[in-house]
Amino acid sequence: MDILSGLNPAQREAVVSTRGPVLIVAGPGSGKTRVITHRIAYLVAEEGVPPWRVLAVTFTNKAAREMRDRVTDLLGQASEGLTLGTFHAVCARMLRIDGGAIGIDRSFAIYDDDDQMTLMKRVLIDIAVDAKRVSPRSILSTISKAKSELTTPAEYARAVSDYFQEIVSRAYARYQQLLEQNTALDFDDLLMRTVQLLSQSEDVRTRYQERYLHVLVDEFQDTNVAQYALAKLLSEKHRNICIVGDEDQSIYSWRSADYRNLLNFQTDFEGAKTILLEQNYRSTQTILDSAQGVIRRNQGRHDKVLWTENDRGLPVTIFEAQDDEDEARFAAGEIAAALRSGERPAGDFAVMYRINAQSRALEEAFMREAIPYRLVGGTRFYQRREVKDLIAYLRLIQNPTDSVSLLRVINTPTRGIGAKAIEELWRWAQNTDVPPYEALRALIAPVRPANGAPPFRAGMLNALVRFIDTIEQVREESLGLTPPELLNTLIERIQFRRYLMDGFEDGEERWANVQELVTVAAQYDALEPREALASFLENVALVSDVDELEQRSAAATLITLHAAKGLEFPVVYMVGMEEAVLPHIRSYDSPEQMEEERRLCYVGMTRARERLVLTHARRRALMGTPVFNPPSRFIKDIPEQLTESRSRSDDFPLDRRSIARAGVLPRPGRVPVSAQDVAAAIGGGERNFQPGERVRHPKFGEGIIVSTRANGGDQEVTVAFKGESGVKRLMVSYARLERHS
DNA sequence: CGCCGTACGGTTTTT
DNA sequence: CCGTACGGCG
């Protein structure tokens with residue numbers, strides 16, 4: 001049978017075990033995507049399951065796209081109708097169609113984190129909490145966690161046990177209320193509300209449960225409570241659920257993912273069949289062994305025996321750079337050399353890093369070396385201000401109750417409606433109990449409603465009337481326009497081009513982005529205008545970037561470790577392999593987070609097919625100031641015989657530029673910051689600590705210096721203390737730290 | 001009200 | 001380093 005050819009016995013079993021619950025534990029590079037696509041093809045072609053009765057959920061849109069392509073390769077037209085997408089996309093679709101059953105208007109907007117923040121700031125005003133004392137961010141993230149655990153505001157309120165939770169509880173209630181008033185859902189709502197829909201409406205639940213004869217979920221280790229509940233609900237009738245995951249690749253717990261769902265699965269779905277995919281087809285033995293050396297140190301994991309028939313291959317290179325620029329120069333230099341010699345095409349290379357900010361140095365180096373590259377993530381297209389502004393206009397046109405969008409556009413471009421006027425408008429609308437947009441509309445109503453005189457002076461009234469007039473006009477016209485026509489009309493009416501060109505240094509680039517947006521919108525030309533606008537907006541909300549032109553072979557890839565999950569490259573550079581970067585400083589608080597950093601490292605390493613290079617820098621500019629971090633602990637966990645070490649020779653002369661960057665040469669407003677200079681500034685080097693040194697503190701006890709940085713002529717050290725004290729950041733001149741051996 | 005300058009603070013990862 | 005918050009001016 002040709003769908004099964006070329007699969008090993010375990011893979012084959014994973015494809016043909018189509019009855020009942022199945023758990024596939026798939027190590028990196030084990031051909032798991034192939035297994036899933038072949039399984040879908042097998043269901044359709046061999047078992048005659050109609051594609052529309054199959055639901056396949058992936059973790060990213062990109063994965064969904066790739067999977068769809070592969071299924072189409074196997075089945076052609078026969079795959080038409082298959083439901084394939086992320087949980088969020090699948091839920092959004094269900095809510096558009098059936099959300100009415102629990103009172104969700106089908107024109108709901110989807111709020112991203114910016115929108116959430118805007119809304120939360122209003123919430124804090126409404127419940128009279130000072131945003132400076134409690135950070136809106138932390139409230140939002142607490143609420144998000146509650147939602148992904150399916151905790152409603154009422155349930156949350158019942159479990160409140162301290163002051164912070166008390167505030168969160170009030171904020172949560174008000175926040176949900178405002179979302180509803182705005183006819184908007186945030187990302188967590190998409191999941192939570194769908195679970196509610198399925199549990200509360202028997203009719204809807206039965207319909208979907210009947211429909212989905214087979215449910216497949218990829219990257220199951222990254223599901224949260226809500227997603228797990230969805231998977232369970234949707235597969236309850238037929239119980240043909242196949243989940244694929246690997247606890248060692250769980251890297252999204254900060255987003256409430258819980259890899260224990262993998263383990264719960266076996267208890268929740270009795271008699272689930274477990275299939276292990278342990279043969280690796282991707283990496284050399286050396287790379288695999290190195291990665292295993294790192295991951296093996298995690299507690300409480302099930303040890304897997306990954307093996308490969310591939311060659312041992314090259315040793316893992318460990319490179320010590322002087323600083324982050326030097327590190328970038330090294331990677332770019334090697335890649336450029338390989339391109340020049342024709343050894344490899346640019347598409348073979350990927351450079352991976354822990355945080356997006358690290359990409360800058362790399363980009364500069366790549367540009368200097370004229371290496372074609374694509375930057376994945378970073379400031380994504382739909383995150384750009386000018387793009388978001390226009391999207392907000394469209395959202396407002398589609399859904400006038402959306403006050404977050406209204407707030408965004410009411411004075412963009414500036415039309416003399418400032419903070420004060422907005423405040424008045426908000427209060428006025430609230431007093432008369434209508435959405436702000438409706439309140440504005442009352443200003444141009446032929447017959448003025450009797451609900452209180454508008455609290456604006458003549459000049460302001462004028463500005464507001466002009467604004468609402470413009471929007472209302474475009475709204476009326478919108479019914480007959482395609483998305484690009486609508487955008488162009490809008491752009492012209494608000495004179496957006498002039499606003500961008502005159503108002504910004506990089507106006508040209510911003511304008512180019514606007515035009516790009518119009519181009520993207522043209523994909524929806526064929527649909528009926530209202531529906532076109534709706535699907536355009538939904539896609540904008542759920543798809544984080546514009547379809548990358550798949551110019552794989554033409555460009556090297558710069559990517560975060562998180563975003564690299566699921567990908568593979570012949571050559572991988574992992575940069576910033578230092579304490580405080582990977583593992584990230586924020587993960588020192590808890591062993592769980594530290595284990596996640598380890599998994600992240602493992603994920604990165606196992607992306608490499610043939611060659612893996614790990615680099616660390618002695619000095620790195622972080623947030624403008626240099627820090628000195630020792631090499632990552634993860635490097636030490638790689639068996640030494642598998643590695644080769646390289647570094648710039650120790651007497652490598654620092655060029656003037658990097659000296660200037662490090663701040664050894666005095667710069668206005670900055671303090672001396674090289675290690676030597678700090679020593680000099682503080683006096684005699686007595687107090688100049690280096691990472692790795694053992695110290696004692698009168699209160700916190702014994703500890704070890706994790707990292708150091710200069711701060712206001714003083715030295716700030718991060719110290720990991722033994723026992724309960726944990727990690728502290730201390731100023732050397734105040735903290736009575738002693739060296740200790 | 002909008003604009004400009006300066007001071008300050010915060011920086012992980014993403015659907 | 002960068003974006004934003006805030007204060008003072010036109």
Side-chain angles (χ1 to χ4, degrees), chain A residues 57-64 85-92 110-114 116-117 121 131-132 135 137-138 141 144 147-148 185-191 219 222-224 226-227 250-257 324 352-361 376-380 382-383 385 411-423 456-457 459-460 463 503 538-545 559-565 576 580-589 593 596-597 599-601 603-604 620-627 661 663 667 669-670 711:
Chain A
V57 184
T58 57
F59 191 71
T60 63
N61 292 297
K62 195 166 51 184
T86 61
F87 269 114
H88 289 87
V90 169
C91 288
I110 300 172
Y111 279 0
D112 68 6
D113 27 354
D114 267 11
Q116 290 183 44
M117 184 59 82
K121 284 180 182 158
K132 273 180 217 111
S135 106
R137 280 179 103 82
S138 69
S141 79
S144 167
K147 285 193 186 186
S148 52
L185 303 181
D186 66 16
F187 276 103
D188 301 306
D189 280 335
L190 290 176
L191 306 177
E219 307 282 12
D222 288 320
T223 54
N224 61 29
Q227 289 163 327
S250 156
I251 54 176
Y252 283 95
S253 73
W254 50 272
R255 218 169 72 187
S256 304
D324 45 348
M352 302 180 183
Y353 37 83
R354 178 65 178 81
I355 61 175
N356 280 309
Q358 287 173 263
S359 68
R360 183 176 328 209
V376 179
T379 315
R380 283 178 288 281
Y382 293 120
Q383 301 264 77
R385 176 136 64 114
N411 201 32
T412 314
T414 50
R415 18 176 109 80
I417 305 171
K420 234 176 143 187
I422 291 171
E423 212 47 51
F456 309 109
R457 295 179 178 287
M460 183 56 62
E538 178 154 321
N539 205 45
V540 166
L542 293 175
V543 178
S544 53
D545 49 338
I559 193 169
T560 63
L561 289 165
H562 280 90
K565 192 178 70 162
V581 179
L582 183 70
H584 192 267
I585 185 88
R586 294 270 289 257
S587 61
Y588 285 70
D589 306 346
Q593 288 181 55
E596 181 145 316
E597 296 292 303
R599 292 193 291 267
L600 192 54
C601 182
V603 166
R620 175 177 304 278
L622 231 54
M623 300 183 252
T625 43
V627 292
R661 281 197 151 240
R667 270 202 298 169
R670 295 285 179 192
N711 189 341

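Labels below follow one simple rule: chain letters A, B, ... track the order of the sequence lines, proteins then strands, and each chain is numbered from 1. What you see is a predicted model; the values in this text were computed from it and never measured.
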From [atom1] of [X] over to [atom2] of [N], roughly how many Å is that when rounded to an integer?
| X | N | atom1 | atom2 | value |
| --- | --- | --- | --- | --- |
| Phe59(A) | dT14(B) | CZ | C1' | 7 Å |
| Gln227(A) | dT15(B) | CD | P | 12 Å |
| Phe187(A) | dT14(B) | CZ | C1' | 9 Å |
| Asp188(A) | dT15(B) | CG | P | 14 Å |
| Ile355(A) | dC1(C) | CD1 | P | 15 Å |
| Lys147(A) | dT15(B) | NZ | C1' | 14 Å |
| His584(A) | dT14(B) | NE2 | P | 12 Å |
| Arg599(A) | dT13(B) | CZ | C1' | 13 Å |

On DNA chain B, nearest-nucleotide positions of Ala357(A) versus Arg415(A): which is more 5'?
->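 Residue closer to the 5' terminus by nearest nucleotide: Arg415(A).
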When the nearest nucleotide of DNA chain B is assigned to Thr86(A) and to Ile417(A) on a heavy-atom basis, which residue is associated with the more 5' position?
-> Ile417(A)
Listed nucleotide nearest any side-chain atom of [X], set [options]:
| X | options | value |
| --- | --- | --- |
| Thr60(A) | dC1(B), dT13(B), dT15(B) | dT15(B) |
| Asp113(A) | dT14(B), dC1(B), dT13(B) | dT14(B) |
| Tyr252(A) | dC2(C), dT15(B), dT14(B) | dT14(B) |

Between Glu597(A) and Ser587(A), is there a donor-acceptor pair closer than 3.5 Å when you use the side chain of the first and the backbone of the second?
-> no
Donor-acceptor pair, side chain of Arg620(A) and main chain of Asp324(A), under 3.5 angstrom | no
Report yes if at least one side-chain N or O of [X] is closer than 4.0 Å to OP1 or OP2 of [N]; otherwise report no.
| X | N | result |
| --- | --- | --- |
| Thr414(A) | dC1(B) | no |
| Asn224(A) | dT15(B) | no |
| Asn61(A) | dT14(B) | no |

Polar atom pairs between nucleotides 5-10 of chain B and protein, under 3.5 Å, N or O only, would you list them?
none

Salt bridge (Lys or Arg N to Asp or Glu O under 4.0 Å) against Asp114(A), all qualifying residues, sequence neighbours excluded | Lys388(A)
Phe87(A) aromatic ring stacked with six-membered ring of dT15(B), 5.5 Å and 30° | no
Output, in order, the C-alpha distance, side-chain angles, deciding distance and verdict of ring-ring contact (aromatic ring centres under 6.0 Å, His included) for Phe59(A) and Tyr252(A).
-> CA-CA 11 Å; Phe59(A) 191 71; Tyr252(A) 283 95; 4.9 Å; yes
Need one value for [X]: base, sugar-phosphate or nothing, where a base atom within 4.0 Å counts as base even if backbone is also close, heavy atoms only.
| X | result |
| --- | --- |
| Asn411(A) | sugar-phosphate |
| Ala89(A) | nothing |
| Leu191(A) | nothing |

Consider only side-chain N and O atoms of Ser144(A) and Asp188(A), and report whether a donor and an acceptor are under 3.5 Å apart.
-> yes
Determine, stepwise, if the pair Val540(A) / Ile110(A) fulfils side chain to side chain contact (heavy atoms under 4.5 Å, CB included).
-> CA-CA 9 Å; Val540(A) 166; Ile110(A) 300 172; over 6 Å; no
Side-chain ion pair, Asp186(A) and Lys147(A), N-O less than 4.0 Å |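 Yes, charged N to carboxylate O under 4.0 Å.
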Check step by step if side chain to side chain contact (heavy atoms under 4.5 Å, CB included) holds for Lys565(A) and Glu219(A).
-> CA-CA 10 Å; Lys565(A) 192 178 70 162; Glu219(A) 307 282 12; 3.5 Å; yes
